[in-house]
Amino acid sequence: MPHRRRLVPVVLAVAVITALGCVSAPRSDPAAERPRADPGATAATTLDPDVDGTDTVEEFESDVGDAREIAEVYWGAEFQRSGLRFEPIAELIPYDREGEVDCGGQGLGLNNAAYCSAGDFIAYDSDWAFQAFRQIGDAFIFYLLGHEYAHAIQRRLSIQKQFTIEQELQADCMAGAYIGDMEKQGRLKLEDGDLSELAAGLEAVGDDPGQPWFAEGAHGTARQRTQAFSNGYNDSLEPCNLS
């Protein structure tokens, strides 16, 4: 894969990562299964910006596609190991206007990414995600897709926590497991600075100080989100408590 450079200091990321929302709508039958990725078909994806490259839309779209493919390889193998049939998400939808994508009668807003259970798809504000890609780095895109894909897995496993924050921190743990396990398997190669990128992204998407932990839509503080991700990254799915 082409290498890329970091364009601006990590501290600027907070201006871009203003929201990371997750929408859950009434269940519906997933769309027909799309072709699945072949676990042995591609070499390791390197998450490593170069010092003299250029972040382009094409590179961003390539990373988004890679993140989806590797997530489906990962979860397909995990489901098979558990004797379950894996169903990939129906679609991955970029959008650039508020309300352009509808989830169960609710239009999705800007500066956001979400899994929609009504249509079994992940949608994301493409301009917002591209700016995050440029400011924080490509590692954050793998986390972003990993987190939203985790919500799709929660649906497939019929996991429904009492509080939103429990659902979200579990998804952070699952995203960490996906990235950490695929790195151990050689499908992802994290370079110097990639974990710092992920930490910066998680710091930026933590709940505002003073947000009640039990509030609807709470995702967790920056510290809680970082810890949940680290638990999965270091120890795979065991600390994510999927059973």
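In this chain, residues are counted from 1 in sequence order. Keep in mind the model is a prediction, meaning the values are calculated, not measured.
- Checking side-chain atoms of Glu59 against main-chain N and O of Thr56 turns up a donor-acceptor pair under 3.5 Å.
- Between Arg156 and Asp120 there is a salt bridge, since a side-chain N of the basic residue sits under 4.0 Å from a carboxylate O of the acidic one.
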Would Asp63 and Phe133 count as a side-chain contact (heavy atoms from CB on, under 4.5 Å) if you check the C-alpha gap in whole Å, the side-chain angles of each, and the deciding distance to 0.1 Å?
CA-CA 9 Å; Asp63 276 343; Phe133 165 76; 3.3 Å; yes

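- Ring pair Tyr74/Tyr178 is tilted by interplanar angle, where 30° to 60° counts as tilted.
- With no hydrogens or angles considered, a side-chain donor-acceptor pair links Glu72 and Tyr149 at under 3.5 Å.
- Put simply, the side chain of Leu188 reaches to within 4.5 Å of the side chain of Ile70, judged on heavy atoms.
- Side-chain N or O atoms of Gln80 include none that pairs as donor or acceptor with a backbone N or O of Arg85 at under 3.5 Å.
- Although no hydrogens or angles enter the test, the distance criterion places a donor-acceptor pair under 3.5 Å between the side chain of Gln154 and the main chain of Gln167.
- Residues Thr226 and Arg223 are not in side-chain contact: their nearest non-hydrogen atoms beyond the backbone lie 4.5 Å or more apart.
- Side-chain atoms of Arg155 and Gln160, non-hydrogen and from C-beta on, never get closer than 4.5 Å to each other.
- Under the 30°/60° scheme for interplanar angles, the aromatic rings of His147 and Tyr143 are found to be tilted.
- Within the 3.5 Å criterion, the main-chain N or O of Met182 finds no donor-acceptor partner in the side chain of Gln185.
- Evaluation of the side chain to side chain donor-acceptor pair (under 3.5 Å) rule for Asn231 yields Gln227 as partners, not counting sequence neighbours.
- The backbone N or O of Phe163 lies less than 3.5 Å from a partner atom in the side chain of Glu166, making a donor-acceptor pair.
- Checked by atom type, the side-chain pair Asp181/Tyr233 shows no donor-acceptor distance below 3.5 Å.
- Side-chain contact check for Asn111 versus Asp127: every heavy-atom pair is 4.5 Å or farther apart.
- The line from CG of Asp66 to CD of Glu69 is 6.5 Å long, rounded to the nearest 0.5 Å.
- Between Tyr115 and Ile122, the closest side-chain pair of non-hydrogen atoms falls below 4.5 Å.
- Considering only heavy atoms from C-beta on, Leu145 comes within 4.5 Å of Leu92 through its side chain.
- Every residue two or more places apart in sequence or in another chain that forms a side chain to side chain contact (heavy atoms under 4.5 Å, CB included) with Ser126 is listed here: Pro94, Asp96, Tyr124.
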Kindly determine whether Met174 and Leu242 satisfy side-chain contact (heavy atoms from CB on, under 4.5 Å), including the steps that lead there.
CA-CA 9 Å; Met174 294 162 71; Leu242 297 185; 3.6 Å; yes

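- For the pair Glu183/Lys189, no side-chain contact is recorded, criterion being any heavy-atom separation below 4.5 Å from C-beta on.
- Side-chain atoms of Glu100 do not come within 3.5 Å of backbone N or O of Tyr95 as any donor-acceptor pair.
- Formation of a donor-acceptor pair under 3.5 Å by the Glu98 side chain with backbone atoms of Gly109 is not found in this model.
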